[in-house]
Amino acid sequence: MSAVRPHSLTLTGRFVQLQPLGSAVLPDLARAIAHPDVFAAGYGGGPAALHRDVDGFIKWAHDYFQWEGLPYVVRLLGGPNDGDVVGTTTLGDIDVVNESIHLGWTAYDPRVWGTAVNAETKLLVLGTAFENGFGRVKIQADAINTRSRATILGIGATFEGILRRDRPRADGTWRDSAVYSILADEWPAVRAGLRARLDAFEERFVTYRSLRPTSPSGTIVGGGPQGGGPQGDRRPSSGSAPRAPGATGTTGAAPGSATDAERNAGADTSQ
């Protein structure tokens with residue numbers, strides 16, 4: 001099957017819905033991902049690229065996201081936070097001739113780290129890529145971002161190596177990029193693992209995790225229009241990944257297993 005560019009369509013799962021990203025939703029996206037924790041390990045150019053004000057974030061977003069690709073906004077489905085914007089991901093660097101595509105520019109509200117959001121988002125976008133004939137999907141992260149790297153390995157991607165001095169960060173330092181991929185013949189096993197992970201969530205919808213303040217000034221501003229307040233909802237986290245007995249590792253996890261990094265804070269912030 002020759003690769004064809006996927007259509008920009010809404011993708012709907014059990015926990016999340018992915019919609020084409022447009023300028024109108026950027027203020028909601030700012031409330032979701034404009035957090036120090038999201039940018040701390042290199043996302044978007046690293047901490048120096050973080051704009052906490054909406055206008056600054058919108059300007060950054062117009063320069064950062066690959067708008068000529070297929071950028072998506074991630075919304076929750078069901079429950080008290082139905083419709084909230086909780087993240088973004090993109091299928092970019094679309095090369096139909098060489099059947100290659102890049103899954104990246106991914107970040108989530110810290111209140112949904114460790115929930116079903118990342119697994120189902122990956123299931124939906126990877127399915128779109130492989131169903132449209134792509135043979136290789138690249139995923140990469142800043143080499144210092146151990147949390148994202150553990151999460152990428154955890155879904156079953158294969159580590160390919162480090163691109164040294166790959167791109168500048170916003171503070172003028174240079175980033176090394178850790179590169180991973182999933183091939184078409186590996187997709188059935190990766191898909192089965194992601195489905196198994198989602199089947200382990202007994203809840204019908206995702207609710208927000210509690211957050212501790214990450215700076216002396218106090219709070220993290222986040223969430224969509226129904227987000228509930230600066231530190232998020234204080235209810236227990238429905239949709240948090242169950243801990244396997246004795247599980248302690250953060251890398252080399254089998255496809256579908258939930259790594260400690262993802263459970264405890266390390267949602268994918270790949271790019």
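This structure is a prediction, so every number in the text was calculated from the model and none was measured. Note that the numbering runs from 1 along the sequence shown for the chain.
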Once you round to the nearest 0.5 Å, how far does [atom1] of [X] lie from [atom2] of [Y]?
{"X": "I152", "Y": "K122", "atom1": "CD1", "atom2": "NZ", "result": "7.0 Å"}
{"X": "N118", "Y": "T106", "atom1": "CG", "atom2": "OG1", "result": "7.5 Å"}
{"X": "L18", "Y": "R75", "atom1": "CG", "atom2": "CZ", "result": "11.0 Å"}
{"X": "S177", "Y": "I162", "atom1": "OG", "atom2": "CD1", "result": "8.0 Å"}
{"X": "T158", "Y": "I139", "atom1": "OG1", "atom2": "CD1", "result": "10.0 Å"}
{"X": "I182", "Y": "R191", "atom1": "CD1", "atom2": "CZ", "result": "12.0 Å"}

### Query
Is the number of heavy atoms from other residues, nucleotides or ligands under 6.0 Å of R204 CZ greater than 12?
no

### Message
Can you tell me if E68 has over 12 outside heavy atoms packed within less than 6.0 Å of its CD?
### Response
yes

How far apart are the closest heavy atoms of [X] and [Y], and which atoms are they?
{"X": "S148", "Y": "A141", "value": "CB-CB, 4.2 Å"}
{"X": "L70", "Y": "S8", "value": "CD2-CB, 3.9 Å"}
{"X": "A119", "Y": "L198", "value": "CB-CD2, 4.0 Å"}

### Ion pair K59/D63, N-O distance below 4.0 Å
yes

Can you confirm whether [X] sits close enough to [Y] that some side-chain heavy atom of one is under 4.5 Å from a side-chain heavy atom of the other?
{"X": "L50", "Y": "P36", "result": "yes"}
{"X": "L76", "Y": "Y208", "result": "yes"}
{"X": "I94", "Y": "F134", "result": "yes"}

### Message
Test salt bridge (Lys or Arg N to Asp or Glu O under 4.0 Å) on R169 and D171; report intermediate values, then the result.
### Response
CA-CA 5 Å; R169 300 186 181 98; D171 64 2; 5.4 Å; no

Is the backbone N or O of [Y] less than 3.5 Å from a side-chain atom of [X], with the two atoms forming a donor-acceptor pair by type?
{"X": "E160", "Y": "V179", "answer": "no"}
{"X": "R5", "Y": "G69", "answer": "yes"}
{"X": "Q17", "Y": "L77", "answer": "no"}
{"X": "W113", "Y": "Y108", "answer": "yes"}
{"X": "D176", "Y": "R165", "answer": "yes"}

Parallel, tilted or perpendicular for [X] and [Y], by the 30°/60° rule?
{"X": "Y180", "Y": "F159", "value": "tilted"}
{"X": "F39", "Y": "Y43", "value": "perpendicular"}
{"X": "F65", "Y": "W67", "value": "perpendicular"}

### Message
Grouping I, L, V, M, F, W and Y whenever their side-chain heavy atoms are under 4.5 Å apart, do V54 and L21 come out in a common cluster?
### Response
yes

## Note on the structure
Per side chain to side chain contact (heavy atoms under 4.5 Å, CB included), V86 is matched among D28, L29, V74, T121 by V74

